[in-house]
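This is a predicted model, so every value here is computed, not measured. A note on names: the letters A, B, ... follow the listed sequences, proteins ahead of strands, and every chain is numbered from 1.
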Amino acid sequence: MDDKAYDPKPVEERRLAAWEAAGLSRSTPVKDRRAYTIVIPPPNVTGALHIGHALNNTLQDAFVRHRRLSGDEACWVPGTDHGGIATQNVMEKQLKAEGLDRRAVGREAFLERMQAWTRDCKKTILGQLRRLGCTLDWEREAFTMDSARAEAVYRAFEELWKKGLIYRGERLVNWCVRCGTALSDIEVEREERKGGLWHIHYPLAGGGEGIVVATTRPETMFGDTAVAVNPKDARWAHLVGKKVLIPLIDREIPVIADAAVEFEFGTGGLKVTPAHDQNDWDIGRRHGLPAIKAIDPQGKLTEAAGPYAGLSREKGKDQVIADLDAKGFLRKKEDHKSAVQTCYRCGSVIEPLLSLQWFVDQVALAKPALDAYDRGDFKIHPPERGKPYRDWLVNIRDWCVSRQIWWGHRIPVWYKDGEKPVVARSSPGEGWTQDPDVLDTWFSSALWPLAVFGWPAKGADFDYYYPTSTLVTGYEILYLWVARMQMMGLAFDGRVPFRDAVIHGIVRDKSGKKMSKSLGNVVDPLAMMDKYGTDALRFALMAQAHPGKDIPFDEQTVVGARNFVNKIWNSARFVLMNLPKAPAEGGYRLSSLDRARLELADRWILSRFAGATELARRRLDAYEPAAAAEALYAFVWDEFCAWYIELAKGRLQGADGADREAVRAILVQVLVGSMKALHPILPFVTEEIFLALRPYAGEPAEFLLKAGYHEVAQDLRDPQAESEMARVMAAVTAIRSLRAQLGVPLSLKIAAVADGPFAPKILDEHRAYVGALAGLSAVAPFSSRPAQSATAVADGVTFYVPLAGVIDLDKERERLRKELARAEADIAKCSAKLKNLAAAAGAPPEKIAEAKAQAEAAASRKDQLERTLRWLE
RNA sequence: GCCCAGUUGGCGCAGUGGUAGCGCGUUCCCUUGACAUGGGAAAGGUCAUAGGUUCAAAUCCUAUACUGGGCACCA
């Protein structure tokens, strides 16, 4: 503890090594102790962790440490997610860089490479979590694709199959042409893009003017199986039931009437392409229309496109438009903005495609989740994030779970000609082939809380830790993950998998933009830790982690947090410096203090300490880390360091041995108690200080986490001491302010005269405080009107500082007049409030008393100022 | 179109009924032995707008404007 400035690196290394060696974060079931369980949102094995992970995991670690310090048996389960498409894409990019692609490599070899990559990646990620100080139970590490989790996935699939909740069918799905796979509805993002709206004439079969339809996708016209108009649309009524021809290929299709068609849009005529549009699909089903595929899974036009077959959808579109124009079918082109759907993993435009896929029936699963939420068995923090969650469950649609990729849990279904498909772990026999697809990565994620505790087996750990307590995650995966875990948990275990979901925001750059590699505004958490220390990064994130809100990340905030850590460090150095070499037997205890002999400052700091630590605990209980951080920051810096330590300095040098010991005891205990309270946010520096003070504090525990929170006696709360100290502080500030304005430095000791109703108290009891903190050499009682003095007026006390020849009387008068104006404004406000309260029928008496005191204080200040001004006239 | 959130000093944010707070920044002063990653002092806000409820509104209600987000639709 010799370093003048806190050096995080060696401390972090020491602490991490000690925690590791002691297995500090290990948890096993303890009878009669309450379990507090968190399962990590498993990061995808796509690379290193980013600042959002740092936020997410610091939050969890803070909650876990908080509950450990509160006496719970806390267990935080680490793990990683195989990450499906996202991870496969990473590997495909690597292959491409080597001039390969996955088909050339082959499924087996590709998966081997994926395994190797995953091993490396896990190491990186878990190492980073360690570095962040996460007290994860490392022995419980899980991976969504390890054997235990694979068993859970298999069993879940099998159960859903048995219940008829999983089925295979040909539906219109979101198809990513680049990734070559189907996606679920929530894996699709929407983006406004400028495009065109083409008006195309479909001539009447047999000749004559037919109908003009408006479309944004002329290239899908070869999949048209009808043209639809609104049944009430008089413009086109004469055509309903007739046939028209698809231009360029002259295929006959009927004109039908359907209420889904809007009058106003385009021409009122709609080309119906059931195989490539959800609405058209619905219309097609209503009218028994066939679905003709015009685009294949590679994004190329099919045979149905006749001469255009084989062209990409983009080229095909250009060509079709050119030809339509050339042949006079194109009547008009408008600019048109529309929301295109894009793949959440690669950003390419989604193609709605008719294909054979596996689906999970969501309506049946959503009902229990909805009920659990409505009953309050499951809560979302903050609550306003709950509404969209609920809405999503209400409007839920079936979940397409099959993916045409290789990286994932292979669908455990086997086929054989002439046989019904069979669900099995391995081949049922000769001639059976397994479904080539894998499950959506979110399928295994949905089982995560169940699976990490061994489900479908239900051992002692499952009994003890499950259901889990809190889930901490970002709002962007509320549906993708949180809702599905609720549904699966309820479906397989009958209980919610976690009672609370803490939803945090996204870490953005300092101007509020989302961080992205392409914008070049990403912040690397490791770089922040290297530069400022892990505690500083953690504090910076926690101090801004208001429930549900995004965090604009400014490096300046980390600097501020680093400064705070350094402040704490130096306050501890100060305390240690003022302790004897050898600690007394049993250390300093608050309980051994003679309360009756404590000074005002002692009673004040103990009261504030009790208040601040209690407040911080309550706020962490309520998942409000930012509020907890703020309360402790203010207490430690602005109260403990700025006032109490300053006051302690004189007393530590004083002659009174008993007083010195009392001050030491309070310094030690308040500091150690504060370290405990801050430990969930600042695990490293707080433990380092805790260990240094441990012998003086009579703490037997070798780790702060094992010591538990200080049981702060609430009878330390002392409102009277708090308000009296506030008056002393106001008096000190008044003198300091006066000195600053007169340019008299604090180091220059001056004498002062005190007057007013609070003056006797200052003179009798607080003379030393005011002297030390305001740089007064002597404070004398008021006897007669002082000459050539500057005046400092505070609540109940006026100080006259004789400064013959130094002060400018005109300036002094001007200054006092300004203060007088302020006092008068205060009086106006106070009396208005007092009048209001008096007029009110049910005004609370303590409010009235408070207002009265405020009014009197202001009035007294005004009197003092007026008197002083008269003397100066 | 529906829903939600936000709008508070130069910037970023707290603050759910009783005289507006914090961090950063700004100005002036201080290198006094815990800390210049510090200390002291100061300037700076009609709490988006318009109504309403109340003795009392940044806080509750209703509209409006702007910003962000979600959902649905978008041929």
Exercise. Answer with base, sugar-phosphate or nothing: what part of the nucleic acid does A/T557 contact at a heavy-atom distance below 4.0 Å?
Key: nothing
Self-check item: Rounded P spacing from B/C13 to B/C4 in Å
Solution: 23 Å
Practice problem: For A/L197, report the nucleic acid contact type (base, sugar-phosphate, nothing); a contact means any heavy atom under 4.0 Å. | Solution: sugar-phosphate
Quiz prompt | A/S737 and A/Q741 side chains, donor-acceptor separation under 3.5 Å | solution = yes
Quiz item: Is any side-chain N or O of A/W643 closer than 4.0 Å to OP1 or OP2 of B/G40?
Solution: no
Self-check item: Side chain of A/L746 - closest among B/U37, B/G40, B/A34
Solution: B/G40
Quiz item: Which whole number of Å gives the distance between the C1' atom of B/G9 and that of B/G21?
Solution: 11 Å
Quiz prompt | Any pair counted as salt bridge (charged side-chain N to carboxylate O under 4.0 Å, His left out), so long as it reaches residues 553-570 of chain A, sequence neighbours left out | solution = A/K531-A/E555
Practice problem: Pick base, sugar-phosphate or nothing for A/E262, based on heavy-atom distances below 4.0 Å to the nucleic acid. | Solution: base
Quiz item: Which nucleotide in the list B/A41, B/A72, B/A34 gets nearest to the side chain of A/S571?
Solution: B/A34
Exercise. Measure from the side chain of A/R573, starting at C-beta and using heavy atoms only, and say which of B/G38, B/C35, B/U32 lies closest.
Key: B/C35
Exercise. Round to a whole Å and report the spacing from CH2 of A/W637 to C1' of B/A34.
Key: 13 Å
Quiz prompt | 5′-ward residue of the pair A/E192/A/W392 relative to RNA chain B | solution = A/W392
Practice problem: Quickly work out the A/D7 CG to B/C35 P distance and round it to whole Å. | Solution: 17 Å
Quiz item: Is the phosphate of B/C73, meaning OP1 or OP2, less than 4.0 Å from a side-chain N or O of A/R190?
Solution: yes
Self-check item: Contact under 4.0 Å: A/R736 side-chain N or O vs B/A41 OP1/OP2
Solution: yes
Self-check item: CA sep, side-chain torsions, deciding dist, call: A/R397, A/Q362, side chain to side chain contact (heavy atoms under 4.5 Å, CB included)
Solution: CA-CA 6 Å; A/R397 286 189 295 182; A/Q362 294 283 267; over 6 Å; no
Quiz item: To the nearest Å, how far apart are A/N836 CG and B/C55 C1'?
Solution: 5 Å
Self-check item: A/K514 with A/D509: basic N within carboxylate O range, under 4.0 Å
Solution: no
Self-check item: Nearest-0.5 Å distance that lies between atom NZ in A/K194 and atom NE2 in A/H336
Solution: 13.5 Å
Quiz item: Roughly how far apart, to the nearest Å, are B/A48 and B/C11 at atom P?
Solution: 14 Å
Quiz item: Between A/E630 and A/P625, is there a donor-acceptor pair closer than 3.5 Å when you use the side chain of the first and the backbone of the second?
Solution: no
Quiz prompt | Stem list, RNA chain B (Watson-Crick or G-U pairing under 3.5 Å, at least 3 consecutive pairs) | solution = B:1-7 with B:65-71, B:10-13 with B:21-24, B:26-30 with B:38-42, B:48-52 with B:60-64
Practice problem: Round to a whole Å and report the spacing from CZ of A/F564 to C1' of B/C22. | Solution: 13 Å
Quiz item: Is A/R217 paired with A/E351 through a side-chain N to carboxylate O contact shorter than 4.0 Å?
Solution: yes
Quiz item: Rounded to the Å, how far apart are A/Q741 CD and B/A42 P?
Solution: 7 Å
Quiz item: Where the side chain of A/M577 is defined as all heavy atoms beyond and including C-beta, which of B/A34, B/G39, B/A14 is the nearest nucleotide?
Solution: B/A34
Self-check item: Under the side-chain hydrogen bond (donor to acceptor under 3.5 Å, both in side chains) test, residues paired with A/E187 that sit two or more places apart
Solution: A/S184, A/Y344, A/R403
Quiz prompt | Over all atoms of both residues, closest heavy-atom pair of A/A790 and A/L742 | solution = CB-CD1, 3.5 Å
Quiz item: Between A/F564 and A/Y633, is the ring centre distance below 6.0 Å?
Solution: yes
Exercise. Check for a donor-acceptor pair, side chain of A/H381 on one end and backbone N or O of A/A622 on the other, with a separation under 3.5 Å.
Key: no
Exercise. For nucleotides B/G18 and B/G70, find the distance between their P atoms and express it as a whole number of Å.
Key: 35 Å
Practice problem: Report which part of the nucleic acid A/W198 touches: base, sugar-phosphate, or nothing (heavy-atom distance under 4.0 Å, all strands). | Solution: nothing
Quiz item: Is there a side-chain polar atom (N or O) of A/N570 under 4.0 Å from OP1 or OP2 of B/U37?
Solution: no
Self-check item: B/U19 OP1/OP2 closer than 4.0 Å to side-chain N/O of A/K833
Solution: yes
Quiz item: P atom, B/A50 versus B/U59: distance in rounded Å?
Solution: 13 Å
Exercise. Could you tell me whether A/Q854 contacts a base, only the sugar-phosphate backbone, or nothing, with contacts defined as non-hydrogen atoms closer than 4.0 Å?
Key: base
Quiz item: A/L742 CG to B/G40 P: how many Å, rounded?
Solution: 19 Å
Exercise. Give A/T215 one of three labels, base, sugar-phosphate or nothing, depending on what nucleic acid heavy atoms sit under 4.0 Å from its own.
Key: sugar-phosphate
Quiz item: Checking all strands, does A/D391 fall into the base, sugar-phosphate, or nothing category for heavy-atom contacts under 4.0 angstrom?
Solution: nothing
Quiz prompt | Rounded distance in Å - CZ (A/R861) to P (B/U19) | solution = 14 Å
Exercise. May I ask you to evaluate whether A/K829 reaches the phosphate of B/A56, defined as a side-chain N or O under 4.0 Å from OP1 or OP2?
Key: no
Quiz item: Distance between the C1' atoms of B/C28 and B/G69, in whole angstroms?
Solution: 45 Å
Self-check item: Closest to side chain of A/Y633, choosing from B/U37, B/G23, B/C3
Solution: B/G23
Self-check item: Of the listed nucleotides B/A41, B/U37, B/A14, the one nearest the side chain of A/E630
Solution: B/A14
Quiz item: What nucleic acid atoms does A/V261 come within less than 4.0 Å of, heavy atoms only: base, sugar-phosphate, or nothing?
Solution: base
Practice problem: Could you tell me whether A/K549 contacts a base, only the sugar-phosphate backbone, or nothing, with contacts defined as non-hydrogen atoms closer than 4.0 Å? | Solution: sugar-phosphate
Self-check item: Integer angstrom distance from the C1' of B/A58 to that of B/G15
Solution: 9 Å
Quiz prompt | C1'-based separation of B/G44 from B/G25 [nearest Å] | solution = 12 Å
Quiz item: So what does A/P745 hit on the nucleic acid, given a heavy-atom distance under 4.0 Å: a base, only sugar-phosphate, or nothing?
Solution: nothing
Self-check item: Rounded distance (Å) that lies between atom C1' of B/A5 and atom CZ of A/R508
Solution: 13 Å
Quiz item: Quick one: does A/K567 reach the base of B/C35 with a side-chain donor-acceptor pair under 3.5 Å?
Solution: yes
Practice problem: Would you mind classifying the nucleic acid contact of A/Y479 as base, sugar-phosphate or nothing, using non-hydrogen atoms under 4.0 angstrom? | Solution: sugar-phosphate
Self-check item: RNA chain B: 5'-proximal contact among A/W569 and A/A543 (nearest heavy atom)
Solution: A/A543
